[in-house]
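Labels below follow one simple rule: chain letters A, B, ... track the order of the sequence lines, proteins then strands, and each chain is numbered from 1. All figures in this text were calculated on a predicted structure; none of them were measured in a lab.
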There are 4 protein chains.
Amino acid sequence: MARMTGEERKKVLIKSAIKVFAEENYRAAKVADIATNADVTEPIVYKHFSSKKNLYLEVLTLIMEKTMKRFQNVIAKSMNPLEKLELIIKEYNLMIHVFRQELKLEFQAVSEIDDPDVKEIIATGYLSSFKLVENLLQEGMDQGYFREDIDPAFQAKLFVGHFIHVSSYYLSEVLEDDYSEQLFSYYLNGIVHDS
Amino acid sequence: MARMTGEERKKVLIKSAIKVFAEENYRAAKVADIATNADVTEPIVYKHFSSKKNLYLEVLTLIMEKTMKRFQNVIAKSMNPLEKLELIIKEYNLMIHVFRQELKLEFQAVSEIDDPDVKEIIATGYLSSFKLVENLLQEGMDQGYFREDIDPAFQAKLFVGHFIHVSSYYLSEVLEDDYSEQLFSYYLNGIVHDS
Amino acid sequence: MARMTGEERKKVLIKSAIKVFAEENYRAAKVADIATNADVTEPIVYKHFSSKKNLYLEVLTLIMEKTMKRFQNVIAKSMNPLEKLELIIKEYNLMIHVFRQELKLEFQAVSEIDDPDVKEIIATGYLSSFKLVENLLQEGMDQGYFREDIDPAFQAKLFVGHFIHVSSYYLSEVLEDDYSEQLFSYYLNGIVHDS
Amino acid sequence: MARMTGEERKKVLIKSAIKVFAEENYRAAKVADIATNADVTEPIVYKHFSSKKNLYLEVLTLIMEKTMKRFQNVIAKSMNPLEKLELIIKEYNLMIHVFRQELKLEFQAVSEIDDPDVKEIIATGYLSSFKLVENLLQEGMDQGYFREDIDPAFQAKLFVGHFIHVSSYYLSEVLEDDYSEQLFSYYLNGIVHDS
DNA sequence: GATGAATGAGCTTTCATTCAT
DNA sequence: GATGAATGAAAGCTCATTCAT
C-alpha cells in the first residue's frame with residue numbers, strides 16, 4: 001500500500017514475519033498473516049522471499065545475528081571483562097522481556113532442528129555464543145579478574161546454558177522474579193576469586 | 001490389521017504417536033502417518049483419541065509422567081541422597097540417548113506453549129521436577145551430605161536447568177562428549193562439603 | 001443388552017430410528033446414534049436392516065401407514081360422515097403435538113423425493129389420503145350431509161393440502177393457535193349445506 | 001479457469017449452488033460439485049463463502065427474496081387488487097415449472113428447520129408472504145373487490161398455504177394438471193362477492 | 001511494483017459398513 | 001445372537017504458491 005523501496009519493504013516483511021512466526025510457530029504461521037500484518041498482499045512476500053521456509057530461515061539467521069550483535073555492542077561499552085559479563089547478563093534480562101518474540105523464535109527453532117538448514121543456523125548461533133563468552137573469560141583470566149583454574153570453554157557453555165534454561169522457564173511461566181539474578185550471581189561467584 | 005484389544009491398540013498407537021510426533025513435530029506430524037506406523041487405518045486413531053491435539057496432549061502428559069517415574073524409580077534404589085542425585089544424573093545421560101524421542105518431544109512442546117493445555121502440562125512437569133530435586137537436596141542437607149548454606153529451591157531449579165540446556169545442546173548437535181559429566185561434577189562440587 | 005426376540009428388537013430399533021431421523025434428518029442422522037438410542041450396537045442394526053437407507057424406507061412406510069391407520073380408526077368410531085371428518089381434524093390437531101416426530105419425518109421426506117423409492121412411498125401416502133377423504137366426502141354427499149355440487153376428488157386434495165400447509169407452518173413456528181381451527185371451520189363451511 | 005471479477009464469480013457460484021443444492025439437498029450436496037459446476041476449484045468457493053452452511057444460508061435468503069420480489073414486480077403491473085391476486089397465481093404456476101429448483105430449495109429447507117438460522121429465514125419468508133397478501137386483500141376489500149366479511153389475515157395464510165401444498169403435490173408428482181387452477185378459482189370464489 | 005483471482009495438494013475428521021471372535 | 005475392532009471412501013476445509021492484468 002504505502003510506497004516503499006525494495007529494501008524497506010523487505011524490512012517491514014521481516015518484522016512482520018518475526019511477529020507472526022513467534023506468535024504461532026513456523027508451521028502454524030500463515031504466509032497470508034505475514035502479508036496482512038505487513039500491509040501487503042501475499043505475492044509481495046513471494047517477490048522478496050522464494051518460499052515460506054526461506055523467509056523463515058532468513059528471519060532465524062537475522063534474529064541470531066541480532067542477538068549476537070546486541071551482546072557485542074554491550075561488550076564494547078566497557079573495558080573490564082567482569083563488567084562486560086555483568087552487562088551481558090543485564091542485557092539478557094532486558095531481552096527476555098523486551099524482545100520476547102525474538103527469544104521465543106530462537107527457542108521454537110529447536111522444533112525444526114531436523115531440517116539441516118535450521119540445525120546449522122542454531123548450531124552456529126550456539127557456537128558463536130560459546131566463542132564470545134569463552135574469549136571474554138579468557139581475557140578476564142589473563143587480566144586477573146577470574147580465577148586461573150577455571151576452564152573457559154566449559155564455563156562459556158555453562159553461561160550460555162543458563163540463558164537457555166532461563167528462557168525455557170520464562171516461556172513456560174515458571175520463572176520466578178529473582179531466580180535469574182540469583183543464578184548469575186551464583187555463576188559469577190564460581191569464577192571470580194574468593195574474597 | 002492384526003486384531004487387538006482396545007487397550008493394546010491404544011498402547012501401540014501412543015508408541016507410534018511418540019515416534020511420529022518426535023520425528024516431525026506436532027504440526028508437521030500427520031495422523032495418517034501415526035496410523036500407518038501403528039499398522040492401522042486412520043479412523044482407528046480417532047476411535048481412541050478424540051482429535052490429533054488430544055492425542056498429542058495424552059502423549060505429552062504420558063511422557064512427562066514417565067520421565068518423572070523413571071527418576072523416582074532410580075531414587076528408590078539407593079538410600080543416600082548424594083548417591084540418589086548421582087543416579088539421577090546417570091539416568092539422564094542414559095535417557096538422552098535411549099529415549100531420544102521422548103526427550104525431543106518434551107523439548108519441542110515449548111513451541112506449542114501458547115496452547116494453555118500444553119503450557120499446563122509443561123509447567124506441571126517442571127514444577128514436579130523442581131520439587132523432586134528440592135526434596136532430595138533438603139534430605140541431603142539434613143543428613144549432612146550437602147552444605148548447610150545452600151538454597152535447595154534454587155539449586156533444584158539449577159539442576160533441572162542443566163538438564164534442559166544439555167538437551168538443547170544435544171538436539172542441536174553441539175554437545176561434546178564430556179560436557180555433561182563435567183557439568184554435573186561441577187554442580188555437585190558446588191553443593192557438597194569442601195574436602 | 002436386554003434380551004429380546006427379533007421382532008421386539010426390530011420394533012425398538014424402528015422407534016429409535018424414528019426419533020433420530022426426525023430429530024436430525026435422513027442425511028444427518030447417524031446409524032451409530034440409532035443404535036445407541038436403542039441400547040444396541042451398530043451391527044445389530046445391520047442384522048435387522050440391510051442398510052441405513054433401507055431402515056429409512058421401512059420407517060417411512062410404517063409412519064405413513066400408521067398415520068393412515070390412525071385416521072381409519074378414528075373414522076370407525078362414528079357413523080356420520082360429517083362427524084368422521086370432524087374427528088379426523090381433531091386427530092390431526094392432536095397428532096401435530098403428540099406425534100411431532102412422525103409429522104416431521106413425513107415432511108422431511110420431500111427432501112429425499114429424488115430417490116424413486118422415497119417418492120413412491122410419499123406419493124402412495126398422498127394418494128391413499130386422497131382416497132380416504134374422497135370416499136368420506138362421497139359417502140357424505142350420498143347421505144345428504146354435504147352439498148351435492150361439490151367435487152369430492154378436488155375437496156379431498158384440498159383437505160389433505162390443509163394438513164400439509166398447517167404442518168409446514170407448525171414446523172416453521174409461524175402457526176398461530178387458532179389458525180387451524182379457523183381453517184377447518186372455513187373448509188367445512190364450504191362443503192356443508194348453507195343454513 | 002475463465003478469469004472473472006469477484007462479483008461475477010460469486011454470482012456464478014450462487015447459481016451453481018442453487019442447482020446443486022436443489023438437485024440433491026443441503027446435506028447430500030458436495031461443495032466439490034458446486035465448484036465443478038461453476039467451473040472452478042473448491043478453494044474458490046471458500047474464498048467467497050466462509051463455509052458450506054454459510055453458502056447455503058446465503059442461497060436460501062436470496063431465493064426467498066427473489067420469490068418475494070417476483071411477486072412484488074408482478075403486483076406493480078396492475079392497479080386492480082383482484083387482478084393482482086390473479087397475476088400472483090399465474091406467476092406461481094409459471095414458477096412451479098420454470099423455477100423448479102428454487103421452489104424445491106425453499107421446500108427442502110424445512111428439513112433443516114432445526115437450525116435456528118434456517119428457521120429464521122423460512123419464518124421470515126412466510127411472514128413476508130402473509131403480509132404481502134394480507135395487504136392486497138385489505139386493499140381489495142377497501143375498494144370493494146372482495147367481500148367485507150372476510151378475515152384478510154386468515155385468507156392470506158390460506159392463500160400462501162395453497163402454494164405450499166401445491167408445491168408439495170408437484171414435487172411428489174401427484175399434482176394433476178387442472179388442480180391448481182381449480183384450487184385458486186375456488187379460493188377466489190370464496191372471497192369475491194357472490195354474483 | 002502490485003494485486004486479485006485461481007489452484008494443487010493435502011490434512012483432519014466422519015460414517016456406513018463388515019468381520020473375527 | 002451379539003460385540004468390539006477395523007476399514008474404505010469420502011467430505012469439508014486450508015494453505016503455500018502462481019498467473020494474468
Side-chain angles (χ1 to χ4, degrees), chain A residues 1-6 9 27-35 39-55, chain B residues 1-10 27-35 38-55, chain C residues 1-6 9 27-35 39-55, chain D residues 1-10 27-35 38-55:
Chain A
M1 223 142 225
R3 274 268 164 176
M4 280 188 193
T5 68
R9 179 105 300 160
R27 303 287 173 157
K30 287 172 245 167
V31 176
D33 288 347
I34 295 173
D39 259 312
V40 294
T41 53
E42 280 184 85
I44 299 273
V45 178
Y46 285 92
K47 271 261 149 76
H48 291 279
F49 305 93
S50 59
S51 69
K52 182 190 177 185
K53 197 195 144 189
N54 225 284
L55 168 53
Chain B
M1 226 143 224
R3 238 184 181 237
M4 277 188 195
T5 70
E7 281 295 293
E8 287 172 325
R9 184 97 298 160
K10 200 169 178 181
R27 303 286 173 156
K30 289 169 242 159
V31 177
D33 289 346
I34 294 173
D39 260 312
V40 289
T41 52
E42 274 185 88
I44 296 280
V45 178
Y46 286 93
K47 238 176 206 150
H48 291 278
F49 306 91
S50 57
S51 68
K52 182 189 176 186
K53 196 195 143 187
N54 221 284
L55 168 53
Chain C
M1 222 144 224
R3 276 266 163 179
M4 280 187 191
T5 68
R9 180 105 302 160
R27 302 287 173 155
K30 287 172 246 166
V31 176
D33 288 347
I34 295 173
D39 260 311
V40 293
T41 54
E42 280 183 85
I44 299 274
V45 178
Y46 285 92
K47 271 259 151 75
H48 292 277
F49 306 92
S50 59
S51 68
K52 182 189 176 187
K53 197 195 143 188
N54 225 284
L55 168 54
Chain D
M1 225 142 225
R3 261 228 159 197
M4 276 188 195
T5 69
E7 281 296 293
E8 287 171 325
R9 184 98 298 159
K10 200 170 177 181
R27 302 288 173 155
K30 288 170 241 158
V31 176
D33 288 346
I34 294 173
D39 258 312
V40 290
T41 52
E42 268 185 274
I44 296 281
V45 178
Y46 286 94
K47 240 180 202 144
H48 291 278
F49 306 92
S50 57
S51 67
K52 182 189 176 186
K53 196 196 143 186
N54 221 285
L55 167 54

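C:H48 has its NE2 atom 16 Å from the P atom of E:dT17, to the nearest Å. Rounded to whole angstrom, the span from the CD1 atom of C:I44 across to the P atom of E:dT18 amounts to 15 Å. Rounding to whole angstrom units, CZ of residue B:F49 and P of E:dT14 are separated by 15 Å. E:dA6 atom P lies 14 Å from atom NZ of D:K10, rounded to whole Å.
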Fill in: Under the 3.5 Å Watson-Crick or G-U criterion, the dot-bracket string of DNA chain F, with | for inter-strand pairs
.||||||||||||||||||||

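Note: B:L55 CG to B:I34 CD1 = 5.0 Å, rounded to the nearest 0.5 Å.
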Can you give the donor-acceptor pairs under 3.5 Å from side chains of residues 42-51 of chain D to other protein atoms, not counting sequence neighbours?
unit_1: D:S50; atom_1: OG; unit_2: D:N54; atom_2: ND2; d: 3.3
unit_1: D:S51; atom_1: OG; unit_2: D:N54; atom_2: N; d: 3.1

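In this structure, D:K52 has no salt bridge (Lys or Arg N to Asp or Glu O under 4.0 Å) partners at least two apart in sequence or on a different chain. For C:K53, the side-chain hydrogen bond (donor to acceptor under 3.5 Å, both in side chains) criterion is met by C:D115, C:D117, not counting sequence neighbours.
For D:T5, whose side chain is taken as the heavy atoms from C-beta onward, the closest listed nucleotide among E:dA5, E:dT7, E:dT3 is E:dA5.
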Worksheet, complete the sentence: A correct 5'-to-3' footprint of nucleotides 11-16 of chain F, with B, S and - meaning base, sugar-phosphate only and no protein heavy atom under 4.0 Å, is SSBBBS

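OP1 and OP2 of F:dA5 both lie 4.0 Å or more from every side-chain N or O belonging to B:R9.
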